[in-house]
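What follows is a set of notes on a single structure, which appears directly below.
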Amino acid sequence: MTKELDALLKEKRIFNPSDDVVNNSNIKKWMDKREINTYEELLERARDQNWFWGEMAKELEWFRPWGDVLEWNLPHAKWFLGGKFNIVHNALDRHMKTSRKNKVAYIWEGECGEVKKITYLSLFQEVNKFANALKSLGIKKGDKVSIYLPMIPELPIAMLACAKIGAIHSVVFSGFSAKAFRQRVDDAEAKVAVTVDGFYRRGKAIPLKENADEALRGASSVKHLIVVKRAGNDIEMKEGRDVYWHELMEGQSATCETEIMDSEDMLFILYTSGTTGKPKGVVHVHGGYAVGTHATLRYVFDLKDDDVWWCAADAGWVTGHSYIVYAPLMLGVTSVMYEGGPNYPKPDRVWDMIDRHGVTVFYTAPTVIRMFMKYGDEWPKKHNLSSLRLLGSVGEPINPEAWIWYYKKIGKERCPIMDTWWQTETGGFILTPLPITPLKPGSVTRPFPSLEADVLNDDGESITGSGGYLVLKKPWPSMLRTLYKEPERYVKQYWSTFPGVYLTGDVARKDENGYFWLQGRSDDVLNVAGHRIGSAEVESALVSHPSVAEAAVVGKPDPIKGEVIQALVILKSDVKPSSELKGELRNHVGKEIGHIAKPSVIGFVKDLPKTRSGKIMRRVIKAKVKGEPVGDISTLANPEAVAGLDEMV
Ligand code: PRX
């Protein structure tokens with residue numbers, strides 16, 4: 001680390017956004033109209049959540065206005081009751097009446113360098129055509145469509161087309177395996193699936209259709225598979241089931257009626273990892289999700305008509321759903337959408353793209369920032385980054401060192417960093433600065449206006465200054481409504497540990513100014529490079545291999561990725577340990593879940609520490625992996641197993 005950085009890290013300076021940033025911000029203008037003078041006053045006034053969210057909802061177009069803003073039967077919320085709405089009317093249709101019609105919605109860049117500019121009008125037409133195409137396959141309101149696509153324009157088009165006609169999309173990240181896709185298709189009982197022949201990643205064409213074929217073998221709910229032609233690799237089209245996207249689109253009308261939905265009608269299901277082997281189907285709805293994501297993007301990232309916004313996530317995750325697809329389109333801004341690897345073909349790909357496309361607001365994950373930091377300052381220096389005015393971070397805690405580097409070397413000390421904490425379940429930002437918030441490097445600052453968070457100890461008491469369970473104390477419009485087909489799990493998972501509050505599953509500390517500092521997960525969910533992976537999922541993938549008797553998986557701290565996966569495996573008695581077997585097990589997990597879940601380190605052990613009831617004590621393994629004291633092991637049935645871990649971690 002340079003001396004300069006070292007000095008910066010030691011200082012406890014608060015970074016105040018400049019007067020220029022503050023005075024031109026959307027939030028300041030909003031406050032001025034309501035005679036609210038300070039950030040503190042804003043938070044105070046917004047405690048009246050019905051008033052605050054009612055104001056926010058008025059910024060969108062409704063077919064019929066809502067009655068009550070909120071009905072809260074803990075833990076079930078309904079927002080904007082009786083309102084008639086469709087998120088796609090707001091994301092596309094309404095722009096057809098304004099000058100945004102011919103504005104660029106997406107600047108899409110393929111990994112090989114080709115650039116397509118898609119206007120709001122042409123996006124509107126493509127969405128209408130695909131909506132009609134879905135209808136021609138029998139899809140109607142309430143039907144589920146599984147989308148297994150990479151970062152190509154057809155991904156948002158397919159999502160928007162579903163929402164337009166009231167169908168429910170379930171997008172599965174293209175990095176997930178065939179098996180993971182199948183599990184999600186079955187759970188959603190999708191009638192139609194959408195995939196691609198192949199796409200580019202690090203110069204290679206990834207043949208996704210092969211995965212889709214393997215996944216859909218015997219999947220009884222799926223009647224049609226729509227295939228986008230992208231990489232041109234050889235594929236087999238299954239007679240009677242498969243149809244090319246471009247053929248299906250031929251002759252479809254470019255107009256399509258938007259379905260009038262109830263504000264509480266389901267918009268999408270997005271599966272996320274939990275503490276069991278079975279992913280959770282998080283359910284979001286049209287009205288509240290739209291209001292929440294629109295408001296947070298508008299007032300946190302301060303987007304205006306002349307901005308070029310780049311949320312460098314994948315639309316297969318919630319970050320992309322909310323902040324590549326729905327919110328930016330509702331705001332009518334121009335977004336960059338990129339197909340490939342951020343450091344491909346060279347470590348300056350991202351900086352080059354910011355320069356070429358004039359990106360003004362850039363949002364990425366700490367793991368990416370740390371990777372760029374390691375490459376060195378010469379890469380961003382090659383490019384003109386002066387178009388940038390705000391920066392953002394999401395997905396995992398950002399260490400102050402990376403925060404300072406991002407602030408100095410990318411933002412040139414002009415651009416405030418919005419470190420946004422949220423989850424698939426929350427739909428939109430929860431703990432986040434606004435462009436008027438004084439910043440502390442490494443802190444997500446405070447809750448978005450009207451929201452309330454706290455840190456509790458084991459006894460459920462609010463604590464300041466030390467780590468505890470991060471909870472949310474009030475409902476919010478973009479909150480998940482339930483877990484698909486698992487309403488009891490919704491209640492148990494989020495609302496049962498401490499009465500009346502939402503358990504986030506994260507550990508955080510609240511400081512004397514009410515600023516929050518995230519410390520990681522409190523449950524057995526791992527966060528690898530900003531992606532959520534359940535330990536139990538990886539463990540069950542490992543034990544499904546014929547050589548494995550038992551497995552335990554924990555996170556191991558990593559300077560770039562935040563955490564990598566460490567697996568400890570007990571082999572069946574007749575199996576010999578070898579490094580080839582480690583490779584085989586890694587690939588096996590890749591096939592079962594996806595490459596993101598492959599353990600970085602595998603250790604073969606004879607025994608794993610267990611309680612007397614036979615439960616693996618992950619706490620002890622975690623401590624070993626982190627090199628921390630193992631604490632009390634008196635409840636272990638086999639304390640001798642602890643010493644055996646030493647050489648493996
Ligand atoms: O642990 C927190 C971490 O990511 C989890 C949510 O993961 P997922 O649902 O996949 O959504 C990721 C993108 C919103 C959280 O429980 N997390 C997210 N943002 C932050 C974070 N941890 C620290 N700081 C953040 N800004």
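Just so it is clear, the values below take in all heavy atoms, side chains as well, and ignore hydrogens, waters and symmetry mates.
A donor-acceptor distance shorter than 3.5 angstrom exists from the side chain of Ser387 to the backbone of Val359, with no hydrogens or angles considered. Remark: side-chain polar atoms of Asp314 are not paired, donor with acceptor, to backbone N or O of Gly320 under 3.5 angstrom. Checked by atom type and distance alone, the side chain of Asn513 never pairs as donor or acceptor with a backbone atom of Tyr515 at under 3.5 Å. Without hydrogens or angle criteria, Arg94 side chain to Asn90 main chain gives a donor-acceptor distance under 3.5 Å. Without hydrogens or angle criteria, Tyr494 side chain to Gly505 main chain gives no donor-acceptor distance under 3.5 Å. No donor-acceptor pair closer than 3.5 Å links the side chain of Asp506 to the backbone N or O of Leu470. Judged by distance alone, the side chain of Ser443 and the main-chain N or O of Phe516 form a donor-acceptor pair under 3.5 Å. A distance-only check finds a donor-acceptor pair linking the side chain of His321 to the backbone of Ala315 [under 3.5 Å]. No donor-acceptor pair under 3.5 Å is formed between the side chain of Glu59 and the backbone N or O of Ala295. No donor-acceptor pair closer than 3.5 Å links the side chain of Trp317 to the backbone N or O of Arg532.
A donor-acceptor contact under 3.5 angstrom links the side chains of Thr420 and Tyr363, judged on distance only. Side-chain contact check for Thr258 and Asn86: no donor-acceptor pair (N or O, by modelled atom type) lies under 3.5 Å. For the 3.5 Å distance criterion, the side chains of Ser322 and Tyr289 qualify, holding a donor opposite an acceptor. Judged purely by distance below 3.5 Å, without hydrogens or angles, the side chains of Ser462 and Lys510 pair a donor atom with an acceptor atom. With hydrogens and angles left out, the side-chain atoms of Trp495 and Tyr490 include a donor and acceptor closer than 3.5 Å. Checked by atom type, the side-chain pair Trp66/Ser263 shows no donor-acceptor distance below 3.5 Å.
The two residues Val88 and Leu160 have their closest heavy-atom pair at CG2-O, 3.4 Å. For the residue pair Lys561 and Arg370, the shortest heavy atom distance occurs at C-NH2, 3.7 Å. Taking every heavy atom of both residues into account, Leu483 and Leu480 meet most closely at CD2-CD1, 3.9 Å. For the pair Leu297 and Pro328, the tightest heavy-atom approach, listed with the atom from each and the gap, is CD2-N, 3.5 Å. Closest approach of Leu43 to Pro447, counting heavy atoms only: CD2-O, 4.0 Å.
No cation-pi contact links Lys474 to Trp476, judged by a cut-off of 6.0 Å to the six-membered ring centre and 45° from its axis.
Other residues, nucleotides and ligands contribute over 12 non-hydrogen atoms within 6.0 Å of the CZ atom of Arg34. The 12-atom threshold is not exceeded at NZ of Lys78, counting heavy atoms of other residues, nucleotides or ligands nearer than 6.0 Å. When the shell of 6.0 Å around NZ of Lys412 is examined, it contains more than 12 heavy atoms from other residues, nucleotides or ligands.
Here the options are Asn24, Thr360, Asp20, Asp302, the test is side chain to side chain donor-acceptor pair (under 3.5 Å), and the partner is Arg389; only Asp302 passes. Test Lys117, Lys116, Arg349 against Glu109 for salt bridge (charged side-chain N to carboxylate O under 4.0 Å, His left out) and you get one pass: Arg349.
The aromatic rings of His284 and Phe268 sit tilted, their planes meeting at an angle between 30° and 60°.
Ion pairing of Asp305 with Arg100 is present here, as a side-chain N (NZ or NE/NH1/NH2) and a carboxylate O approach within less than 4.0 Å.
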